[in-house]
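What follows is a set of notes on a single structure, which appears directly below.
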Amino acid sequence: MLSPLLPLLLCVPLVSCKCSDPSPAFPVPSWTKQHKDDSLASTFHAIDTALKSIATDDQYDTTSFSVSLTSETETLWSHHHTALKQNATRPGTTHIDNQSQYRIASITKVFTTLGLLYQHSAGNLSLDDPVSDYIPELNSTSAIPWKDITLRLMASQLSGMPREGNWADLATTPFDPTSVGLPPVDREDLNLPACFDPEVFESCNWTQILPYLNNKQPVFAPGQKSSYSNVAFELLGLVLARVTGLSYEEYMHESIFKPLKMESTTFKTPESDEHAVLPLGQFFWDVDEGIHNPTGGIYSSSADMSVFLRYVLTHYNALATGVNWFMPASWTGLRSFYGMPWEILRTERILEHSNRPVTFVTKGGAVPSYFSRITVMPEYGLGLTLLVGGESSILEKIQGAVTIPLVRAAEGLVWQDIDTTHSGNYTALDKELNSSITFAASAATGLEVTSFISNGTDMFDTLLSTYAQLLGIPKEAAWRVQLTPTLLFKNETSQEGEIWRMQIVRERTEDGPIWDDFCLVDVDPVSYAGEPLNEVVFWHGERLVELSAFRRGAVDASNPRYHLGHITILAQPNGEERKYSPTSEEPAHTACMRHNEQ
Ligand SMILES: *[C@@H]1O[C@H](CO)[C@@H](O)[C@H](O)[C@H]1NC(C)=O
Ligand SMILES: *[C@@H]1O[C@H](CO)[C@@H](O)[C@H](O)[C@H]1NC(C)=O
Ligand SMILES: *[C@@H]1O[C@H](CO)[C@@H](O)[C@H](O)[C@H]1NC(C)=O
Ligand SMILES: *[C@@H]1O[C@H](CO)[C@@H](O)[C@H](O)[C@H]1NC(C)=O
Ligand SMILES: *[C@@H]1O[C@H](CO)[C@@H](O)[C@H](O)[C@H]1NC(C)=O
Ligand SMILES: *[C@@H]1O[C@H](CO)[C@@H](O)[C@H](O)[C@H]1NC(C)=O
Ligand SMILES: *[C@@H]1O[C@H](CO)[C@@H](O)[C@H](O)[C@H]1NC(C)=O
Ligand SMILES: *[C@@H]1O[C@H](CO)[C@@H](O)[C@H](O)[C@H]1NC(C)=O
Ligand SMILES: *[C@@H]1O[C@H](CO)[C@@H](O)[C@H](O)[C@H]1NC(C)=O
């Protein structure tokens with residue numbers, strides 16, 4: 001069997017089998033009303049109980065918060081908490097709801113970057129232009145190599161420029177530096193622009209700050225390593241203003257807030273306190289951030305942020321040619337990355353039944369008394385808004401209390417649904433042929449092929465095991481044939497003909513060799529007669545599965561999809577529907593292992 005396949009298969013990169021759990025593993029679920037009222041309801045109930053318990057802690061007496069979860073189409077669940085203690089003279093809203101307004105601080109960077117993507121797409125600028133093309137005041141007199149710093153590097157926290165322009169210099173803060181061990185300084189001797197006033201946040205303007213920036217030192221060479229920068233986004237706001245001829249704030253309003261109908265979203269302090277979240281002791285609500293607006297100036301509500309997240313969830317790969325907005329740009333840790341300007345966690349520690357990584361695309365924000373984070377879960381089609389007014393430490397508690405049970409419940413439901421819609425034993429329409437294929441779905445193994453007979457030949461004994469061997473999987477090692485969705489359809493217009501690819505996946509072993517973690521993805525290794533050998537197409541309407549490369553021979557004139565030669569289209573099943581319950585015992589990984597024995 002080996003010899004005829006060798007010439008074809010030898011070109012396969014030997015490492016392509018190592019990824020133990022392909023991700024994404026399923027098409028983006030569309031969360032229906034039934035999910036919301038039925039299966040997810042108990043999860044939301046448990047999360048509500050957990051959040052109530054967190055909020056009862058005395059340290060959060062002055063803390064209010066809003067949490068809201070949206071699918072691609074609608075808000076699925078929300079939870080609002082009003083602080084026990086509020087300012088008697090100026091309480092702001094006394095009933096937190098989805099209209100309540102918070103400062104969202106650095107989440108503003110996501111909006112600034114979206115504006116940048118729009119302008120890139122319109123051809124008004126290029127992400128790969130140096131910032132000095134738009135801000136010539138940043139020039140060669142500086143130690144910072146402005147001409148090598150592109151807009152893309154700035155939006156990706158890879159510019160290497162300093163964190164701040166005129167913020168965060170302790171010498172300008174009102175406290176006595178000597179009380180914390182810093183040497184005394186004479187403000188008059190400082191080489192700081194006169195506008196550095198600790199009490200007034202909008203005090204500096206660009207005329208004063210640009211020459212000062214030229215005097216600063218770089219943190220890293222451009223593109224070398226990532227480090228958080230606020231001033232990078234302030235400069236991007238200036239670029240947007242110069243390119244569009246509008247003020248930055250007007251441009252955000254015209255290009256984002258207005259089209260998305262985000263009516264509670266603004267850079268100006270809302271005129272009325274009716275919806276204002278004003279935690280006791282806050283002093284930042286009324287601050288006009290001035291030139292800092294592009295890095296952290298927005299006020300918004302959880303309802304508006306959910307609208308925004310729905311837009312992002314459905315457009316992230318269609319905003320500008322060559323840009324998938326959720327992709328990382330640099331790593332910041334083992335499991336964390338900076339995107340543009342997203343803060344991404346990709347962890348294999350969350351799912352209970354597999355090591356498949358789950359990706360959280362987030363952006364956080366913090367200004368005094370206001371802490372926030374949006375979290376997009378693109379694989380699940382979910383977006384979470386978390387807005388806090390009060391104590392910062394509650395944010396991580398809520399983040400964990402919501403996302404972990406949510407993702408685990410969503411994962412269970414996904415496989416329950418896929419088991420219903422995809423699993424089963426499909427046999428050839430042409431009853432003359434001894435051809436059949438069986439799919440099974442579980443949270444542990446994803447959607448996998450558990451048997452595959454083609455015209456009397458067991459494919460696990462021939463092509464599949466030969467291929468596994470050529471991928472470098474030792475004979476004694478366990479592997480399975482898992483399906484990974486391409487998210488493409490044979491008919492994109494009608495969204496019919498859902499295309500998946502079979503992949504040979506080695507079962508992950510605890511404490512395997514270090515290089516087992518080295519995963520290169522290749523889902524298109526080999527074709528047969530011009531068709532991808534591993535392509536599987538589900539035609540749900542007809543309950544049919546099509547194996548593209550096995551589609552030889554005559555076409556049935558009455559239906560061009562029915563090729564009558566080989567396996568062609570296989571009809572669903574004789575098997576009954578099986579239900580997967582996330583709490584039940586996981587099926588053992590035996591099916592393929594048995595097939596793998598030779
Ligand atoms: C560099 O820019 C500063 C303002 O930011 C300006 O004062 C200076 O003249 C410029 N120098 C050159 C060489 O263009
Ligand atoms: C910036 O502030 C300085 C000092 O107040 C003022 O002279 C200058 O006109 C301002 N520039 C702009 C562009 O507003
Ligand atoms: C491109 O810039 C011009 C002004 O420079 C502006 O009129 C136009 O609206 C911009 N295009 C978009 C799509 O924003
Ligand atoms: C309460 O609000 C008043 C009026 O804005 C303000 O002067 C005072 O400092 C606030 N007190 C606290 C503890 O936040
Ligand atoms: C806000 O909450 C109200 C009351 O629960 C609800 O009717 C409304 O649909 C919500 N709006 C949004 C945008 O979520
Ligand atoms: C699938 O169905 C065919 C036809 O009934 C049968 O021959 C085959 O054994 C079945 N395969 C499995 C795994 O049940
Ligand atoms: C179909 O092929 C399989 C694999 O070769 C074989 O085990 C099975 O007996 C065949 N079934 C029939 C009905 O011939
Ligand atoms: C794709 O679907 C659309 C809408 O249902 C239909 O009009 C069209 O004929 C389909 N295209 C093909 C190639 O089947
Ligand atoms: C099935 O196998 C037989 C021989 O084993 C072969 O003659 C025939 O062409 C095959 N048919 C298809 C559709 O693969």
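Counting convention: from 1, in listed order, for ligands and their atoms alike.
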Determine whether the side chain, the backbone, both or neither of Asn214 has a heavy atom under 4.0 Å from any heavy atom of ligand 1. side chain

Return the orientation label for the Tyr311 and His315 ring planes: parallel under 30°, perpendicular over 60°, tilted otherwise. parallel

Which residue holds the protein heavy atom closest to [atom], what is that atom called, and what is the gap in Å?
| atom | answer |
| --- | --- |
| atom 13 (C) of ligand 3 | Ala122 CB, 3.4 Å |
| atom 12 (C) of ligand 3 | Gln119 NE2, 3.5 Å |
| atom 4 (C) of ligand 1 | Glu137 O, 3.8 Å |
| atom 9 (O) of ligand 3 | Asn124 ND2, 4.8 Å |
| atom 5 (O) of ligand 3 | Val243 O, 2.8 Å |

Heavy-atom count around Glu432 CD within 6.0 Å, excluding the residue itself: above 12? no

Would you mind running through ligand 1 and noting each atom that sits below 4.0 Å from a heavy atom of Asn139? 1 (C), 2 (O), 3 (C), 8 (C), 10 (C), 11 (N), 12 (C), 14 (O)

Can you sort out which atoms of ligand 1 are near Thr141, meaning under 4.0 Å from one of its heavy atoms? 11 (N), 13 (C)

Testing the basics here: between Ala477 and Arg506, what is the closest heavy-atom pair and its distance to 0.1 Å? CB-NE, 4.0 Å

So, are Arg103 and Glu289 salt-bridged, with charged N and O less than 4.0 Å apart? yes

Can Lys490 and Glu535 be counted as an ion pair, charged N to O under 4.0 angstrom? yes

Could you say whether the N/O atoms of Asn425 and ligand 6 ever approach to under 3.5 Å? yes

Would the Phe550 and Tyr528 ring centres measure less than 6.0 Å apart? no

Within 4.0 Å of atom 7 (O) of ligand 1 (strictly less), any protein heavy atom? no

Option passing ring pair (Phe, Tyr, Trp, His ring centres under 6.0 Å) with Phe26 (candidates Trp415, Trp500, Phe538): Trp415

